[in-house]
Colleague: 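For reference, the structure I am asking about is given below.
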Amino acid sequence: MKLVVVVVVVVVVVVVVVVVVVVVVVVEVVRSPVVGLGLVVRPSSNSSSSCRHSSRHTSSSSSVVVVVVVVVVVVVKVVVPAAAVVKKTNTNLDLGLPAKAAAAAAAVVVVVVVVVVVVVVVVVVVVVVVVVVVAVVVVVIVVIAVVVVVVVVVVLGLIRVDYMPMAMDLESRKSQATAAADEFSKLYYETFDKRRQAISRLYQDKANVVWNGNFVTGSDAILKLFDGLPPSEHTLEGLDTQPIVAGPVDADNTNSIMVTVFGKVKFKDTGAEAFTQTFILSAADNKWKIISDAFRLVGK
């Protein structure tokens, strides 16, 4: 019976030692720089990282030393004395032990072994679950990051596609409007002062004119109005122009500009007077023509 107790004690102590070793190994695996199956790697590109790794290695060495010390103590304090007892009594499971005691000892050994196996399996399962959870978290984070990057790129791309060409087109139309206004104003006032009978060619057929408060519409009525004016001489002092981007003034054309001219005009037998005139021009058959014209003598 004494031998049975010794055997049971030795087995229990060995089981405890095995469990301690397994736990220490699991802890070291979790705390190691590479977690899981190489899924998370912590870089060590600077001195602080090197210090952290050194501390981990020191901790791992300390844990190993502790395990070795525990094993040595168990061997010296438990296994060796137990072996001495067995030798002293000069007996074993087959000599001097009743059959029931031997069977009980064997059953205890089997139970202990089963418990050890179960504990080891549970520990391994826990480690695997932790690794899987870490892997899933890493994958989710990567997927979210990729989605955010894709959304940002797509949004910026849409902004670039939708608005940049519009801005570039607007700048182009401004330059075009300035050049067209300068050229057209010279042609208009030269025709008005020197070849007035041809002035209606610069207006569309359904154009509107408000000349110093007098409204007429149609190219024929416009020519009749201007023919009734005395000879003139215009002196331009400046002009402003801009493209019309809110929508076409002329339903048949989408390329329109507004031109505002100011200067002085001198009619026969009168002195020079300041005037301002605003045109809305539309391009038709590669020629600028007037849709609307508003003339006003500033002093009247």
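The first residue in the sequence is number 1, and the count goes up from there.
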Colleague: Indicate yes or no: does K186 engage D182 in a salt bridge with an N to O separation below 4.0 Å.
Modeller: yes
Colleague: Are any of the side-chain heavy atoms of R201 and T191 separated by less than 4.5 Å?
Modeller: no
Colleague: Just to verify, what does E190 make a side chain to side chain contact (heavy atoms under 4.5 Å, CB included) with, not counting sequence neighbours?
Modeller: K194, R195
Colleague: Enumerate, atom names and distances included, each donor-acceptor pair closer than 3.5 Å involving a side-chain atom of residues 258-269, sequence neighbours excluded.
Modeller:
none

Colleague: Under 4.5 Å between any side-chain heavy atoms of K289 and S282, yes or no?
Modeller: no
Colleague: Pick one: which of I144, V143, V137 meets side chain to side chain contact (heavy atoms under 4.5 Å, CB included) with V140?
Modeller: I144
Colleague: Roughly how far, to the nearest 0.5 Å, is CD1 of I280 from CD1 of I244?
Modeller: 4.5 Å
Colleague: Which one of W211, F226, F295 satisfies the ring pair (Phe, Tyr, Trp, His ring centres under 6.0 Å) criterion with F192?
Modeller: F226
Colleague: Are side-chain heavy atoms of E183 and W288 found at a separation under 4.5 Å?
Modeller: no
Colleague: Minimum heavy-atom separation for I257 to A177, with atom names?
Modeller: CG2-CB, 3.6 Å
Colleague: With heavy-atom distances below 4.5 Å as the criterion, would you say the side chains of H234 and F275 are in contact?
Modeller: yes
Colleague: Does some side-chain heavy atom of F184 sit less than 4.5 Å from a side-chain heavy atom of L239?
Modeller: no
Colleague: Within this structure, what is the CD-OG1 distance for the pair Q204 and T217, rounded to the nearest 0.5 Å?
Modeller: 11.0 Å
Colleague: So, S292 and N208: side-chain donor and acceptor under 3.5 Å apart, yes or no?
Modeller: no
Colleague: Check side chain to side chain contact (heavy atoms under 4.5 Å, CB included) between L223 and all other residues, then give those that pass, not counting sequence neighbours.
Modeller: I199, S200, D227
